Amino acid sequence: MFKKLVRLNWQKIIFVSVVLTVVSRGPVLAEDNPLAQPLTLSETKRISADELKSHAQALQDLYTQQIESYKLAEKDYQLAKTQQTQLGTLSSVEATTQFARTAMIERADVLITYFNLLHDYLVMADGMEPGDKEKTSADIIEHIQAYQTHRLAVSNIEDRASLNLAADEFDQLFKVSTSLVYRVLYNLDLSQMNSYRLTAVDLYQQLQRKQADLPLSPAKLAQRDRAYLDIERVFAQLSTQIEFQQQLVADENKGGQGIYEQGATLLVETRTDLIRVLGYLQELASVI
Amino acid sequence: MPKDYLSQTQFSIEEPILDGQAKMPEEEKKVEPDQLDKQAALKKKRLYFILAAVGSGLIIVGIIVLFGMSLSSTPQITQAPSPTPTPVVVEPDLGLREQIDVLVDEVNQYEKPSRSLVFPSVEADIRVPEPR
């Protein structure tokens, strides 16, 4: 027991010190940054919700620093590219190559941190099917690893031609990124709505239990039962809607952005129905 | 025969002690019940003393035992792990109606989690142009 406590405390100390070290430093390159490695689902089960939130916050801070640094690097690259077009000298080509290389590395860092942050949000999300969560987690981790490989390749490149080849590979990777990101974002929005629905169902069941022993006249009882039927009809409708949207997310043939746009409209409908059923619950609860 | 006053101090002065052997046994007979009383009183004293000592001893032992019991019983309550954990009755902080109201507020103020995770706008096309 004591050993376990000591071990837990050490784990916490190490975790906090790692997070603090990372946050206190300036823009950190992915290869020497412990936050560059995503927390796996099994790892996240071993840490508390507060630690997970701290991890996400540390990633958010790192992301802010990295995006600022990247924007400067991108600006330098754009200037060098313009100068190269204007001057056409060998030294301007060399300068563009170096600035492009730096910008590509920093871009990869930004994307790695972003996907890590996305993964943390996925882990923290309620109302998502466990199987779906595991699959999405695996997809994100695989994607992070692909960016890490790309980053390593770029950092080993010195010449212009190889850099442009790496840029071609990045194009393919980035297309997958866009699709994956929108798919995950929609899944997060949907799971949040599903979490509300599940809470509403739970509250409805509690309400039914509380009202079961109320001394009501037969007419009132019949009226209450009709209200229950109406509520259950809306809940069934909500369940069908969310099930359909979950299938939409799982459809591999559809692009992420399309799913996100279609899903956004569906989510509005689901939210309207949820507000309606909650209004019914409020009305019924006033009888208690 | 000289008078032995030392051994006869218990006699009153008014009563003359007559010389003569015939008197002596009578006198001795008078002394015996007093000595017996003294011995009995002494025995009683001893008995009372023993009883008091035993009694006070028992009281002290009793106090020690009670004190010891009270000392040993306190940690048993606080330190000994309960065989079955006491079920914690979690009373919801809010009533059912309040819980519904809170949920209504949350749904009304629903903000998509995706809004705080906007995909970074990065330059997708970083390339070095062909020298001309």
Side-chain angles (χ1 to χ4, degrees), chain A residues 60 63 67 70 74 77-78 81 84-85 88-90 92-93 96-97 100-101 103-104 107 110-111 114 117-118 121 125 160-161 163-164 167-168 170-171 174 177-178 181-182 184-186 188-189 191-193 196 199-200 203 206-207 210 260 264 267 271 274-275 278-279 281-282 285-286 288, chain B residues 63-132:
Chain A
Q60 184 76 55
Y63 175 74
I67 196 102
Y70 163 73
E74 192 193 296
Y77 156 72
Q78 297 291 3
K81 197 172 135 186
Q84 187 198 330
T85 315
T89 58
L90 285 174
S92 65
V93 174
T96 312
T97 307
R101 184 175 167 271
M104 283 169 87
R107 181 179 61 184
V110 166
L111 291 167
Y114 176 79
L117 192 59
L118 193 67
Y121 270 74
R160 183 186 57 81
L163 207 64
N164 284 347
D168 292 343
F170 176 83
D171 285 346
F174 196 65
S177 289
T178 316
V181 163
Y182 281 106
V184 176
L185 289 181
Y186 177 59
L188 289 175
D189 294 346
S191 68
Q192 179 66 66
M193 193 58 80
Y196 289 148
T199 312
L203 290 173
Q206 284 184 46
L207 187 70
K210 283 210 169 187
Y260 187 82
L267 268 180
R271 183 164 168 251
L274 193 58
I275 289 170
L278 284 171
L281 292 186
Q282 275 180 318
S286 60
I288 299 173
Chain B
I63 289 167
I64 291 168
V65 168
L66 284 172
F67 187 67
M69 276 173 71
S70 68
L71 271 182
S72 60
S73 65
T74 314
Q76 273 175 5
I77 294 163
T78 54
Q79 289 174 6
S82 175
T84 49
T86 316
V88 181
V89 182
V90 181
E91 285 286 334
D93 294 330
L94 301 170
L96 189 57
R97 176 62 205 250
E98 284 84 3
Q99 286 182 63
I100 295 169
D101 290 345
V102 168
L103 186 61
V104 170
D105 286 346
E106 281 180 18
V107 177
N108 278 326
Q109 291 162 15
Y110 165 73
E111 194 175 321
K112 291 177 180 178
S114 61
R115 285 197 180 169
S116 49
L117 285 166
V118 179
F119 191 54
S121 82
V122 291
E123 174 58 64
D125 189 28
I126 298 180
R127 279 182 173 79
V128 185
E130 289 283 333
R132 280 183 281 176

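In what follows, chains are A, B, ... by sequence order, proteins preceding strands, each numbered from 1. These values consider heavy atoms only, across backbone and side chains, with no hydrogens, waters or symmetry-generated copies. Predicted model, so just to flag it, every value in this text is computed and none were measured.
For A:L267, the part lying under 4.5 angstrom from a heavy atom of chain B is the side chain only. In this structure, no portion of B:E111 lies under 4.5 Å from any heavy atom of chain A. Interface remark: A:L163 contributes side-chain atoms only to the contact with chain B (heavy atom separation under 4.5 Å). Both the backbone and the side chain of B:D101 come within contact range of chain A, judged by heavy atoms closer than 4.5 Å. Of the atoms belonging to A:A264, heavy atoms from both backbone and side chain fall under 4.5 Å from chain B. For A:L274, the part sitting under 4.5 Å from any heavy atom of chain B is the side chain, from C-beta outward, and nothing else. With a 4.5 Å cut-off on non-hydrogen atoms, A:D168 touches chain B through its backbone and its side chain both. Contacts between A:S191 and chain B at a heavy-atom distance below 4.5 Å are absent for every atom of the residue. The part of A:F170 that comes within reach of chain B is its side chain, from C-beta onward, which places non-hydrogen atoms under 4.5 angstrom from that chain.
In this structure, the side chains of A:S177 and A:L111 stay at 4.5 Å or more apart for every pair of heavy atoms. Counting only heavy atoms from C-beta outward, the side chains of A:Q60 and B:S116 never approach each other to under 4.5 Å.
Chain B forms more heavy-atom pairs under 4.5 Å with one residue of A:A125, A:A167, A:G279 than with any other, namely A:A167. Ranked by non-hydrogen atom pairs under 4.5 Å with chain B, the options A:V93, A:V181, A:I67 are led by A:V181. Interface check for chain B: of the options A:Q78, A:M193, A:Q84, the most heavy-atom pairs under 4.5 Å are formed by A:Q84. Put simply, of B:V122, B:L117, B:I100, the one with the most heavy-atom pairs under 4.5 Å next to chain A is B:L117.
Using cut-offs of 30° and 60° on the angle between ring planes, the pair A:Y63 and A:Y114 is tilted.
In this structure, B:R127 pairs ionically with A:D171, as a charged nitrogen and a carboxylate oxygen lie closer than 4.0 Å. With respect to the salt-bridge test (charged N to carboxylate O, under 4.0 angstrom), the residues A:E74 and A:R107 do not qualify.
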Is there a side-chain contact (heavy atoms from CB on, under 4.5 Å) between B:R115 and B:K112 once you walk through the steps? CA-CA 6 Å; B:R115 285 197 180 169; B:K112 291 177 180 178; 4.2 Å; yes
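A distance of 11.0 Å separates CG in A:L203 from NZ in A:K210, rounded to the nearest 0.5 Å. To the nearest 0.5 Å, atoms OH (A:Y260) and OG (B:S114) are separated by 3.0 Å.
When the side chain to side chain contact (heavy atoms under 4.5 Å, CB included) test is applied to A:A103, the partners found at least two apart in sequence or on another chain are A:A73, A:Y77, B:I126.
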